> 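Quick one: the structure is below, and I'll ask about it shortly.
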Amino acid sequence: MTGDSGETPWAVLLDGPAAEAARRLVDRIAGPPRPAPRAVRPDLAAGGAGLALAHHQLDLCRPGEGRHAVAAGHLEAAVRGAERIRSRAPGLLGGFDGLAFTASRLGLPVPLGAAGRGFDAQAPNSQHLDRRSLDLSSGLTGHGAVLLDRCAEDPAAADRLTAVLAVLGRQVAAFPGDSPGMAHGPAGPLALFSLALSAGVAAPGQVAAVHRAVDRLLAHRRDDEYGPDWVLIEGPGPERPALPASWCHGGPGIARALWLAGTALDDGSLRGLARETLLAALRRPREVRRIDRRPGLCHGLAGLLLITLRFAHDTGDPEFRSAARGLATRLVDGLTDGLTDSLGDGRTDRRTGRLTDNLTGRKENARPLGPGFLDGAAGVLLALLAATTPVPPGWDRALLLS
C-alpha cells in the first residue's frame, strides 16, 4: 500500500531552519503528555478518536515520551463518550467507524459496547442509498476504508469489504450529491476501489466500477489557464463555480483518487492527469485556490500539504518536493505566533486547543482553531510530522489517500 508498505522509505522533505520551526510548532501543539479525561466526544473529526490518532503518530515518530498511553486513554474516553450520549451514527468521520479505525491503528481491539455494535451493524445492502449512506464522511465508503485497513489481520474484513465494494460499484455512476470530491462525492469510492484492487481485494465488476467512477469525475472537469480543475456536479445557472483546492471537494483530493486508480490499473494517462491536476492547484494564486486562509486537513493548507507529500513520495518529482516545502513553511509561519495552547482533550465542543488562523496576516480575520483531526490542531500536527519525520503517515487511510 502506498507509502505504508515499507517498499519505498518515506522521505523527510523539510530540513534546516524550516524543519526546526516545524518541530517547534509540533512541540507546542502537542504539549506535554497528560491523562485523558474520563469521557469525551467520540468522533474522529473533532473528538477523542482524532486526538488518539494524533498521539499515536507522535508515539511512532518520537517513542519513549509516553504517548501510547495518552492515545489509548483518549480512545477509551471516546468510547465512554459514545456510550454516554447513546450515539448510533455509523460514519468514519463522525461516528463509530472512526473509533474502529483508530483502535485498529493503535493495535487495540475494536471497541465493544455501543461502539462495537455500531461498527458491526452497518449493513452493506442498505436500501437508504442517499449521499450520506454512501460517502466517505458518513457512509459505506468510509466503512470500506476501515475494513480495508483491517484486511491484513482479519480475513472476515476482506469478505465484508467485498460486499461494500459491490454496493458502491452499482451506485457510483449516479452517485448522489453536488460535490465530485473525496469526502462526499464519487472520488471517495474511486479511491477505495483502487486501493482495494492494489491490495488484492476485488468484487465482481470492480474494474468496470473504477472506469465508471473516472467517467463520472471527468464529466465535471473544467480546465482553466493553470490546468485541470473540477466544478460542482449541480449548481445555480450554467456556469458552475470551480471548487476550492481542498482535500474534501476539490482538485487535490480528486487528483489523489485518479492517481490511485492509475496505479491500480497501471494506466499512465490517469496518473498523468492526476499529476497535472495537482500541479495546477499548486500553481493557482492563493485567491483562486481559496484554502490558504485555513490550516486544516479538510479545507485548508494541511490537506494540500499532505496530498503533495504523497505525490512527492510516489513520483520523486522535484516540483512536488519543492511545493511541499513551500506549503509546510507557509503553514508553520502562519500558525506559530497564534498558538496559545496545546491539542486540548476533546472534552466538549468548546475549542480548548487554540491556534489562531492568521494565515492572511490580517488580525481582523484571525479566529480560534479547535484541537480536532479534520480541521484542527491534531490534523496540522499530523501533516507536519509527515513532512519532518521518516515515519509514513499511514493514518491518512482515513482520508483514503493511501
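What you see is a predicted model; the values in this text were computed from it and never measured.
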> So, using salt bridge (Lys or Arg N to Asp or Glu O under 4.0 Å) as the criterion, who are the partners of E20 when residues are at least two apart?
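In terms of salt bridge (Lys or Arg N to Asp or Glu O under 4.0 Å), with neighbours along the sequence ignored, E20 is linked to R23, R24.
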> Within the side chain of R80, is there an N or O that forms a donor-acceptor pair under 3.5 Å with the backbone of R38?
yes
> Provide the closest heavy-atom pair for E287 versus R290 in the form atom of the first, atom of the second, distance.
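The answer is O-CG, 3.3 Å.
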> Quick check: do L301 and P295 have side-chain heavy atoms less than 4.5 Å from each other?
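The answer is no, as the side chains (C-beta and beyond) never meet within the 4.5 Å cut-off.
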> Looking at side-chain heavy atoms only, is the closest gap between L273 and L218 below 4.5 Å?
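Of all side-chain heavy-atom pairs linking L218 with L273, at least one is under 4.5 Å.
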> Identify every side-chain donor-acceptor pair in residues 192-203 under 3.5 Å, counting partners at least two apart or on other chains, and give the distances.
| unit_1 | atom_1 | unit_2 | atom_2 | d |
| --- | --- | --- | --- | --- |
| S194 | OG | L190 | O | 2.7 |
| S194 | OG | A261 | N | 3.4 |
| S198 | OG | S194 | O | 3.2 |

> For D229, check salt bridge (Lys or Arg N to Asp or Glu O under 4.0 Å) against everything at least two apart and list the hits.
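R284.
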> Atom CG of L58 and atom CG of L53: how far apart are they, to the nearest 0.5 Å?
10.5 Å
> Check the pair F373, L382 against side-chain contact (heavy atoms from CB on, under 4.5 Å), reporting the backbone distance first and the verdict last.
CA-CA 8 Å; F373 167 76; L382 286 165; 3.6 Å; yes
> Any ion pair linking R275 and D314 (charged N to carboxylate O, less than 4.0 Å)?
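No, this pair does not count.
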> Are the side chain of R271 and the backbone N or O of G262 linked by a donor-acceptor pair below 3.5 Å?
yes
> With a 4.5 Å heavy-atom cut-off, do C298 and W247 have their side chains touching?
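Sidechains of W247 and C298: in contact.
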> Which ring pair (Phe, Tyr, Trp, His ring centres under 6.0 Å) pairs, counting each pair once, include a residue from residues 282-311, with sequence neighbours left out?
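Pairs touching residues 282-311 that pass the test: W259-F311, F311-F320.
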> Given 3.5 Å as the limit, does a donor-acceptor pair link the side chain of R325 with the main chain of L13, or not?
yes
> Step by step, work out the side-chain contact (heavy atoms from CB on, under 4.5 Å) result for L399 and L306.
CA-CA 10 Å; L399 306 177; L306 182 63; 4.1 Å; yes
> Is it the case that T162 and D159 place a side-chain donor and acceptor less than 3.5 Å from each other?
no
> Does D149 form a side-chain contact (heavy atoms from CB on, under 4.5 Å) with R105? I'd like the steps, not just the answer.
CA-CA 8 Å; D149 207 48; R105 279 280 143 184; 2.7 Å; yes
> Donor-acceptor pair, D224 side chain versus G227 backbone, under 3.5 Å?
yes
> Quick one: do D27 and R62 make a salt bridge, cutoff under 4.0 Å?
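Salt bridge between D27 and R62, a charged N being under 4.0 Å from a carboxylate O: yes.
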> When rounded to the nearest 0.5 angstrom, what distance separates CG in L217 from OG1 in T277?
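Rounded to the nearest 0.5 Å, the CG-OG1 separation comes out at 10.0 Å.
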> Which residue in the set V391, T389, L309 passes side chain to side chain contact (heavy atoms under 4.5 Å, CB included) when paired with W10?
L309
> Do the side chains of R294 and D375 get close enough for a salt bridge, i.e. N-O under 4.0 angstrom?
no
> Taking only residues two or more places apart in sequence, or in another chain, which ones meet R221 in a salt bridge (Lys or Arg N to Asp or Glu O under 4.0 Å)?
D223
> Taking all non-hydrogen atoms of both residues, which atom of V164 and which atom of L140 are closest, and how far apart?
CG1-O, 3.5 Å
> Side chains of S402 and R310: does their closest heavy-atom pair fall under 4.5 Å?
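Yes, close enough: below the 4.5 Å cut-off.
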> Within a strict 4.5 Å, meaning less than it, do heavy atoms of the R330 and L327 side chains meet?
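When only atoms from C-beta onward are counted, L327 and R330 do not touch, as no gap falls below 4.5 Å.
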> Minimum heavy-atom separation for P37 and A77, please, with both atom names.
O-CB, 3.2 Å
> For V380 versus L335, what's the shortest heavy-atom pair and its separation?
CG1-CD1, 3.9 Å
> Please report the interatomic distance CD(E319) to CG(L279), rounded to the nearest 0.5 Å.
4.5 Å
> Is a donor on one side and an acceptor on the other found under 3.5 Å between the side chain of R256 and the backbone of L401?
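Yes.
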> Using 0.5 Å steps for rounding, measure from the OG1 atom of T141 to the CG atom of L134.
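So the gap between those two atoms works out to 6.5 Å.
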> Find out whether L374 and C248 are in side-chain contact, i.e. whether some heavy atom of one side chain is under 4.5 Å from a heavy atom of the other.
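They are not in side-chain contact.
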> Verify, without hydrogens or angle tests, whether H74 (side chain) and V40 (backbone) share a donor-acceptor contact under 3.5 angstrom.
no
> Under the salt bridge (Lys or Arg N to Asp or Glu O under 4.0 Å) rule, collect the residues that match up with R131, sequence neighbours excluded.
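R131 satisfies salt bridge (Lys or Arg N to Asp or Glu O under 4.0 Å) with D135 only.
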> Can you tell me how far the CG atom of L51 sits from the NE2 atom of H55, to the nearest 0.5 Å?
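Answer for the CG-NE2 pair, L51 versus H55, is 6.0 Å.
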> At what distance, to the nearest 0.5 angstrom, does CZ of R397 lie from OG of S104?
9.5 Å
> Quick one: do H56 and L75 satisfy side-chain contact (heavy atoms from CB on, under 4.5 Å)? Show the steps, please.
CA-CA 10 Å; H56 171 63; L75 180 62; over 6 Å; no
> What are the two closest non-hydrogen atoms of A78 and L99, and how far apart are they?
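Here A78 and L99 meet closest at CB-CD2, 3.6 Å.
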> Of P180, P176, S179, which is the lone residue that meets side chain to side chain contact (heavy atoms under 4.5 Å, CB included) with I233?
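With I233 as partner, P180, P176, S179 yield a single side chain to side chain contact (heavy atoms under 4.5 Å, CB included), made by P180.
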